[in-house]
Amino acid sequence: MQDAFHKQRISQMGVNMDRIKAKVGILLIATERFRRLGADTEDGTYEQRKLIEAEEYVQNMNSFCDTVYTGQIYSRADLEYAMNAFYNEKVDCVFALFLSWAEDFLWIRFLRDMFPIPILFACKTRTGISFQNTFEENDFVEFLSAGGLVGSLEASGSIQRIQRPMLRTIIGTLPELMKKSKSFFLAAAVRSKLRTSNFGLLASYNEVMWSTYMDPYQIFTKIGPELRFLSVASLMKEIEAVKEEEVNDNCSLLMERYELLDDVDMDKLGASVRASLGLEKLARKAGVNMLVLNDVDTVLLTEVGLRPGFLPTPDGGDISVVPEGDLGGGLAVYILKLLSGRCVSFIEPFHIDLEQECFIAGHAGPNDYTGEGKVKIGRDVRFAKSGYKYAGAPFAWYVIPPGVKTMLHISECNGRYKMVCTLVEALPTNHFITSYSHGKFRPLKGTLQELFDQLIKIGVTQHYGIVEGDYTAELENLAGLLEFDFYRI
């Protein structure tokens with residue numbers, strides 16, 4: 001039984017957190033004036049036709065998000081009931097649409113009274129019109145039912161007059177609306193999650209990289225996460241409290257899954273695993289979702305004797321960790337983790353290789369190694385010849401796997417935040433930069449020099465999060481909701 005449990009834990013290593021799922025309020029506005037028209041017609045009343053259409057929206061959205069829908073909005077009472085439900089259910093955003101022409105006073109009241117929240121206002125384009133003329137009552141009612149464009153145009157004026165923040169508009173067929181909605185909803189869910197998240201900083205900003213400094217007050221008020229400051233002394237207490245059995249168990253899991261290089265000192269492997277476990281325990285006790293670790297801090301290295309090298313641990317995965325005390329880098333990694341549910345790497349571009357038509361990027365220090373890339377357990381060569389107690393203590397040495405990736409940067413500039421993203425292709429490669437998580441990359445658009453010329457002109461830092469897949473649409477929506485300056489290269 002123990003052996004079976006052990007194998008199960010090995011198989012679960014690398015299983016990432018679930019992708020975030022949005023909760024969406026649906027607001028479908030109809031008109032009382034048309035409600036009972038068509039009572040004796042083949043296709044039923046206006047209300048019956050709108051019920052069928054509304055069900056299409058609800059069913060489609062239920063396939064990729066949770067929904068809160070209280071029925072079509074015909075009256076002020078309907079509207080107030082819906083708004084109360086949205087508030088009580090803590091929806092991330094509202095999807096709003098005119099089912100036909102309708103009186104605009106309910107819409108204006110909604111714009112005025114709805115609590116601050118992202119709103120996606122949609123106008124559906126029908127793929128075909130089922131009537132040729134309106135000589136028959138059935139066709140005339142269908143003509144009235146098909147007037148969503150009239151309602152959308154009527155509503156658009158009040159959108160501009162009231163100027164609610166976080167309101168976006170889209171138009172398209174039903175499949176097109178759902179595709180656009182999906183990225184907006186995910187962005188809204190990330191916004192909500194950020195507002196309830198806690199970041200930990202251990203133990204300080206990185207004093208050799210001033211450009212990575214960010215104002216904790218601004219982070220909380222404009223982005224959402226609360227910043228909690230953690231100490232090396234607290235970390236030492238947690239490390240000392242880790243049981244030997246737990247260290248041995250985690251070491252065994254790592255060695256069974258990954259290749260252990262011959263020059264790894266086993267005592268130092270145990271020390272690195274122990275420190276990694278202690279760091280996760282400290283973060284959990286502090287209620288932290290993302291830990292920003294200044295892993296080159298001399299106090300940390302002197303007291304702990306190493307940089308923790310196995311984050312997440314085989315028993316972990318619930319807390320993300322980034323190195324070098326960079327809160328912007330932590331935000332980039334955390335946001336990509338929420339959007340994707342995948343392994344996100346923390347990287348900095350090292351150099352351009354024109355002969356191979358790629359750039360080389362990666363990072364030393366703790367980095368997620370639980371994706372599909374190649375992993376070896378090797379010494380931390382950066383500090384192997386230092387005087388620290390566990391000099392050269394091993395790391396999970398990770399090669400970022402091939403595929404299309406989203407590369408994201410976030411930093412602060414004169415009181416505002418900038419979000420810069422691009423798509424790159426990770427190329428197949430083997431380990432070649434000792435003990436650094438790394439890979440080879442090529443921009444999907446433009447040349448290598450054009451990519452970095454644009455980054456330098458925008459003004460960034462060297463740190464990026466990178467993840468499998470294309471999340472540029474979601475990031476653009478999120479930047480709009482957070483009022484970030486957005487750049488897509």
Side-chain angles (χ1 to χ4, degrees), residues 14-23 90 92 186-205 212 214-231 234-235 238 275-295 308 310-346 365-371 406 408-412 417 419 463-467 471 474-475 478 481-482 484:
V15 176
N16 288 284
M17 61 185 277
D18 292 335
R19 185 181 187 182
I20 199 166
K21 191 175 185 181
K23 180 182 282 190
K90 294 182 171 59
D92 300 307
L186 276 172
V190 170
R191 172 187 173 270
S192 296
K193 181 63 177 177
L194 286 170
R195 293 168 70 86
T196 60
S197 295
N198 299 310
F199 278 29
L201 179 62
L202 200 163
S204 62
Y205 293 117
T212 63
M214 297 178 83
D215 180 353
Y217 187 90
Q218 292 270 85
I219 290 174
F220 179 75
T221 56
K222 294 189 175 182
I223 305 174
E226 176 185 335
L227 185 60
R228 297 179 177 176
F229 294 88
L230 309 178
S231 69
S234 297
L235 174 59
E238 292 298 332
S276 301
L277 289 165
L279 191 62
E280 285 187 337
K281 292 175 187 292
L282 175 64
R284 289 191 194 102
K285 285 185 178 179
V288 164
N289 307 98
M290 158 60 72
L291 182 61
V292 180
L293 175 68
N294 185 357
D295 63 312
F310 299 95
L311 295 159
T313 65
D315 283 338
D318 54 325
I319 297 163
S320 297
V321 180
V322 297
E324 292 196 344
D326 185 355
L327 288 167
L331 275 167
V333 168
Y334 188 60
I335 286 168
L336 290 177
K337 188 81 169 177
L338 291 174
L339 287 172
S340 68
R342 295 174 178 268
C343 169
V344 183
S345 295
F346 181 92
N367 223 325
D368 194 343
Y369 57 96
T370 60
T406 299
L408 173 64
H409 166 84
I410 296 175
S411 58
E412 185 177 343
Y417 295 94
M419 180 183 284
H463 291 155
Y464 301 80
I466 192 165
V467 72
Y471 296 97
E474 289 82 0
L475 292 171
L478 180 61
L481 296 177
L482 298 176
F484 283 13

(message) Quick check for you: to the nearest 0.5 Å, what is the distance between R342 atom CZ and T406 atom OG1?
(response) 10.5 Å

(request) Measure from the side-chain N and O atoms of S276 to the backbone N and O of F310, and report whether any donor-acceptor pair falls under 3.5 Å. (result) yes

(request) Considering non-hydrogen atoms only, spot the tightest contact between R284 and D315 and give its length. (result) NH2-O, 4.1 Å

(request) State which residues pass side-chain hydrogen bond (donor to acceptor under 3.5 Å, both in side chains) with D215; sequence neighbours excluded, sorted by chain then number. (result) none

(message) Working to the nearest 0.5 angstrom, can you tell me the gap between N367 CG and L311 CG?
(response) 10.0 Å

(message) Taking the side chain as everything from C-beta on, heavy atoms only, tell me whether V333 gets closer than 4.5 Å to M290.
(response) yes

(request) State, yes or no, whether a side-chain contact exists between I223 and R191 at a heavy-atom distance under 4.5 Å. (result) no

(request) Output all residues satisfying salt bridge (charged side-chain N to carboxylate O under 4.0 Å, His left out) with E412, sequence neighbours left out; order by chain, then residue number. (result) none

(message) Can you see whether Y471 engages S340 through a side-chain donor-acceptor pair at a distance of less than 3.5 angstrom?
(response) no

(request) Check T196 against N289 and note the closest heavy-atom contact, atom names and distance. (result) O-OD1, 4.5 Å

(message) A side-chain contact here means heavy atoms from C-beta on lying under 4.5 Å apart; do E324 and D295 qualify?
(response) yes

(message) Could you measure the distance from the OG atom of S231 to the CG atom of L282? Nearest 0.5 Å is fine.
(response) 7.0 Å

(request) Verify, without hydrogens or angle tests, whether Y417 (side chain) and G328 (backbone) share a donor-acceptor contact under 3.5 angstrom. (result) no

(message) Please find the pair of heavy atoms, one from G330 and one from V292, that lie closest to each other, and give the distance.
(response) CA-CG2, 4.4 Å

(message) Once you measure the plane-to-plane angle for H409 and Y464, does it fall in the parallel (<30°), tilted (30-60°) or perpendicular (>60°) bin?
(response) tilted

(message) Taking D92 first and then K193, would you say they form a salt bridge - that is, a charged N and a carboxylate O separated by under 4.0 Å?
(response) no

(message) Test your reading of the model: is there a side-chain donor-acceptor pair from Y205 to the backbone of M214, 3.5 Å cut-off?
(response) yes

(request) State whether the side chain of N198 and the backbone N or O of G287 hold a donor-acceptor pair below 3.5 Å, judged by distance alone. (result) yes

(request) Give a yes or no answer on whether the side chain of R228 reaches the backbone of G200 with a donor-acceptor pair at less than 3.5 Å. (result) no

(message) Let me confirm one number: the CG-CD1 distance from L475 to I335, rounded to the nearest 0.5 Å.
(response) 7.5 Å

(message) Would you compute the distance between atom CG of L331 and atom CG of L482 and round it to the nearest 0.5 angstrom?
(response) 9.5 Å

(request) With rounding to the nearest 0.5 Å, note down the distance linking OG in S345 to CG in L336. (result) 10.5 Å

(message) Once you measure the plane-to-plane angle for F346 and H463, does it fall in the parallel (<30°), tilted (30-60°) or perpendicular (>60°) bin?
(response) tilted

(message) Walk me through whether I466 and L408 qualify under side chain to side chain contact (heavy atoms under 4.5 Å, CB included).
(response) CA-CA 6 Å; I466 192 165; L408 173 64; over 6 Å; no

(request) For residues P366 and P323, report the shortest heavy-atom separation together with the two atoms involved. (result) O-CD, 3.6 Å

